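Numbers for residues simply follow the sequence, beginning at 1. The structure presented is a predicted model; accordingly, all values stated were derived computationally and were not measured.
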Amino acid sequence: MNFNDNIPIYIQIINSIKKDIVSSKLQIGQKILSVREMAEYYNVNPSTVQRAYQELEKSKVINVQRGLGTFITDKSEMIEEIKVDMADNLTSHFIEEMMGIGFTYNQIVENISRYARRE
């Protein structure tokens with residue numbers, strides 16, 4: 001993974017894990033890599049992954065079961081919440097960028113409609 005220097009690495013790891021969850025690369029209730037394994041996967045310090053896991057656990061995206069491992073939440077409504085939140089963030093960023101280059105809201109909607117018709 002190529003990290004963005006402007007965003008803390010642990011946040012980028014959180015976002016990557018959330019993206020894998022909502023895209024079903026990681027399944028509801030699935031056991032995920034240990035902190036050490038995830039650190040190797042991302043080629044980062046284990047304390048960075050530990051911080052990401054702590055934040056994910058605090059927000060109930062993952063849960064740690066002592067002696068068994070770390071698991072993705074089994075609450076499908078939580079996954080849907082994450083998905084909607086990610087979509088809202090992407091949409092907001094897209095609209096801000098489009099308006100930043102001079103599009104009006106109506107022009108943005110027209111552009112999206114035209115793009116969708118091509119598919």
| said: For the OG1 atom of T70 and the CZ atom of R66, what is their distance to the nearest 0.5 Å? | reply: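 Result: 8.5 Å between the selected atoms.
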| Once you round to the nearest 0.5 Å, how far does CD1 of I13 lie from OH of Y10? |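 Atom-to-atom, I13:CD1 and Y10:OH are 11.0 Å apart.
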| request: Mind listing the closest non-hydrogen atom pair of T73 and M78 along with its distance? | output: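 For T73 and M78, the tightest heavy-atom pair comes out as CG2-CG, 3.9 Å.
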| task | List the atom of L26, the atom of I72, and the distance in Å for their closest heavy-atom pair. | result |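 Looking at all heavy atoms of both residues, the shortest contact is CD1-CD1, 4.1 Å.
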| message | Salt bridge check, K83 against E80: does any charged N sit closer than 4.0 Å to a carboxylate O? | response |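 No, E80 and K83 are not salt-bridged.
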| request: Decide if atom CG of N43 counts as having more than 12 heavy atoms of other residues, nucleotides or ligands within a radius under 6.0 Å. | output: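 Incorrect, the count does not exceed 12.
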| said: With a 6.0 Å cut-off (strictly less than), is the heavy-atom count around CZ of F3, excluding the residue itself, greater than 12? | reply: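 Counting other residues, nucleotides and ligands, CZ of F3 exceeds 12 neighbours.
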| query | Regarding Y42 and T48, is there a side-chain donor-to-acceptor distance under 3.5 Å anywhere? | reply |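 Short answer, no.
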| request: State whether a side-chain donor-acceptor pair under 3.5 Å links N45 with S47. | output: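 Checked: N45/S47 side chains pair up, N/O donor to acceptor below 3.5 Å.
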| message | Test your reading of the model: is there a side-chain donor-acceptor pair from Q12 to the backbone of I7, 3.5 Å cut-off? | response |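 Yes: the side chain of Q12 pairs with the backbone of I7.
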| query | So, does S59 use its side chain to make a donor-acceptor pair with the main chain of E55 at under 3.5 Å? | reply |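 Pair found, side chain donor or acceptor close to backbone of E55.
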| request: List, by chain and then residue number, the residues other than M98 in its hydrophobic cluster (Ile/Leu/Val/Met/Phe/Trp/Tyr, side-chain heavy atoms under 4.5 Å); write none if there are no others. | output: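 F94, I95, M99, I101, F103, Y105, I108, V109, I112, listed by chain and number.
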